[in-house]
Amino acid sequence: MKVRYSYLPQQFANADDLWAELKAFVPTGDFTLGKPLTEFENRFAKLIGTKHAIGVGSGTDAIKLSLKALGIGHGDEVITAANTFIATVGAINEIGARPVFVDCDDTFCMNVDQVEAAITPKTKAIVPVHFTGYMTDMVKLKPIADKHGLPIVEDACQSILGAQNGRNAGTWGNAGAFSLHPLKNLNVWSDGGVIVTDDDKLDHQLRLLRNHGMRNRDEIEVLGYNSRLDTIQAVVGNWLIPQTESIAAQRIANAAYYDEHLGKIPGIRIPPRRPDMQIVYHLYVIFAEKRDELLRYCVERDIEAKVHYPVPLYQQDGLKFLGYKPGDFPVTDRHTTEIITFPCDQHLGKAEMDWVIQTVTEFYRQG
Ligand SMILES: *Cc1c(COP(=O)(O)O)cnc(C)c1O
């Protein structure tokens, strides 16, 4: 049985109503900052629970523009997680700031206890990453940031509707950044991103920054960027957004099923599932002994398991200039040899999950 990783060919297979909406939209010519975008932003803000949502060109831009709007730039240091996706670091780098890494713990998020040691006089912001759909411990991080007067931009790209104590990812910081990339839990048909905030001034600044800094057609208030969420993608987003809660619920249910069965297998360790956290399983990642062999075994049996990620960012060629050396982030390093990701999405069937469980069981039984 094949257990595919990507569900995109299935996801829009029965979407005649969406095609009808696109067909009605195109002749309006309302392609940039159009009405469906405003509608999508309002619905997104309501979904997350913030006053404002601003559609931008990508999740990377959502982080970049948020930092920019907070006045972060050249020579500043921004603290983030060592084990994130490259986009977090790219966004910090793009505005001329320097990423400073903090190691993670077994929740795959920043170990908040190590943040204070990373703060220097140059530190100007913290970008916690709610990696894999987990939550960074914001209850602990927020007072640290406040004590040092540091704004927070949450990288919530993998954690839409992730929450701690019932409070959603994206609502803890000054701003929250989301991605609508095709592989994310709420997706459109190309790149896209959203910033959420409760701060009216930040909202104003972000709306300028995404649209060349133009106050109107003839007046430039600040120097900005071209980073609007395409209105045609907002039409797609409006079609999918009512499903966001059920997508999260299905992923949570799938993960619980995996946890129950895979957790019984000697050789597998399930990461901590803290009761104060809602984890939305953008990625279902667990720890496995003999990981490389298990991965090969699964792939040979048509299970598209993956590793997120096999080489830590700080050891990548493109980031050598930061001056880190192997061993600087021991938990991140350990994870690269222990973690394995199995498909967990809302389109996955029980038979496919059972095949994963059976295959992993067999692997360790053979010893
Ligand atoms: C996807 C992602 C981003 C960036 O999103 P894009 O929309 O691809 O630019 C940033 N951070 C994390 C952790 C992501 O997974």
Side-chain angles (χ1 to χ4, degrees), residues 5-6 8 40 44 53-68 78-95 97 99 101-102 104 107-110 125-136 138 152-162 169-170 172-173 175-196 206 209-210 225-230 233-234 236-237 240 247-248 251 279-285 306-314 316 318-319 332 335 339 341 344-345:
Y5 194 82
S6 175
L8 292 177
F40 179 72
F44 198 94
I54 304 103
V56 295
S58 67
T60 309
D61 278 4
I63 302 167
K64 177 179 82 177
L65 297 184
S66 297
L67 290 170
K68 182 86 184 168
V78 176
I79 292 174
T80 193
N83 62 322
T84 183
F85 176 56
I86 181 59
T88 320
V89 178
I92 295 166
N93 182 67
E94 268 191 76
I95 54 161
F101 292 133
V102 168
C104 62
T107 69
F108 311 110
C109 293
M110 172 188 279
I126 304 175
V127 179
V129 183
H130 306 314
F131 199 53
T132 75
Y134 255 96
M135 277 296 289
T136 307
M138 297 306 291
I152 294 175
V153 174
E154 296 174 70
D155 180 344
C157 289
Q158 297 195 0
S159 200
I160 187 161
L161 299 182
W172 293 81
F178 292 88
S179 169
L180 303 173
H181 182 280
L183 293 179
K184 300 296 158 75
N185 288 17
L186 171 62
N187 56 328
V188 295
W189 292 351
S190 84
D191 283 300
V194 187
I195 304 163
V196 296
L206 287 165
L209 285 177
R210 73 166 173 186
Y225 300 87
N226 178 352
S227 185
R228 300 172 294 250
L229 176 60
D230 284 336
Q233 296 305 334
V236 179
L240 199 57
I247 289 170
R251 285 172 178 265
I279 310 165
V280 289
Y281 301 98
H282 170 64
L283 305 171
Y284 179 81
V285 182
K306 293 183 187 293
V307 173
H308 296 87
Y309 294 96
V311 180
L313 281 182
Y314 79 95
Q316 297 278 359
L319 284 84
T332 296
H335 283 185
I339 49 174
T341 310
C344 184
D345 59 85

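Both counts, for ligands and for their atoms, begin at 1 and track the order of listing. Note that the structure is predicted; figures quoted are calculated from it, not measured.
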Handout entry: Non-neighbouring partners of Arg210 that pass salt bridge (Lys or Arg N to Asp or Glu O under 4.0 Å), sequence neighbours left out
Key = Glu41
Report every pair formed by an N or O atom of ligand 1 and a protein N or O atom separated by less than 3.5 Å, giving atom names and the distance to 0.1 Å.
| unit_1 | atom_1 | unit_2 | atom_2 | d |
| --- | --- | --- | --- | --- |
| ligand 1 | 5 (O) | Ser179 | OG | 3.4 |
| ligand 1 | 7 (O) | Gly59 | N | 2.8 |
| ligand 1 | 7 (O) | Ser179 | OG | 2.6 |
| ligand 1 | 9 (O) | Gly59 | N | 3.3 |
| ligand 1 | 9 (O) | Thr60 | N | 2.9 |
| ligand 1 | 9 (O) | Thr60 | OG1 | 2.5 |
| ligand 1 | 11 (N) | Asp155 | OD1 | 3.3 |
| ligand 1 | 11 (N) | Asp155 | OD2 | 2.7 |
| ligand 1 | 15 (O) | Gln158 | NE2 | 2.8 |
| ligand 1 | 15 (O) | Lys184 | NZ | 3.0 |

Problem - Lys64 charged N/C atom sitting above Tyr225 aromatic ring, 6.0 Å / 45° - result: yes
Practice task
Please list, chain by chain and in numerical order, all residues satisfying ring-ring contact (aromatic ring centres under 6.0 Å, His included) with His335, sequence neighbours excluded.
Solution key: Phe108, Phe287
Exercise for the section: For Phe85, check ring-ring contact (aromatic ring centres under 6.0 Å, His included) against everything at least two apart and list the hits. Expected result: none
Exercise for the section: May I have the step-by-step check of ring pair (Phe, Tyr, Trp, His ring centres under 6.0 Å) for Phe44 and Phe178, ending in yes or no? Expected result: CA-CA 10 Å; Phe44 198 94; Phe178 292 88; 5.2 Å; yes
Completion exercise
Result for side chain to side chain donor-acceptor pair (under 3.5 Å) between Asp61 and one of Ser179, Ser66, Ser227 points to Ser227
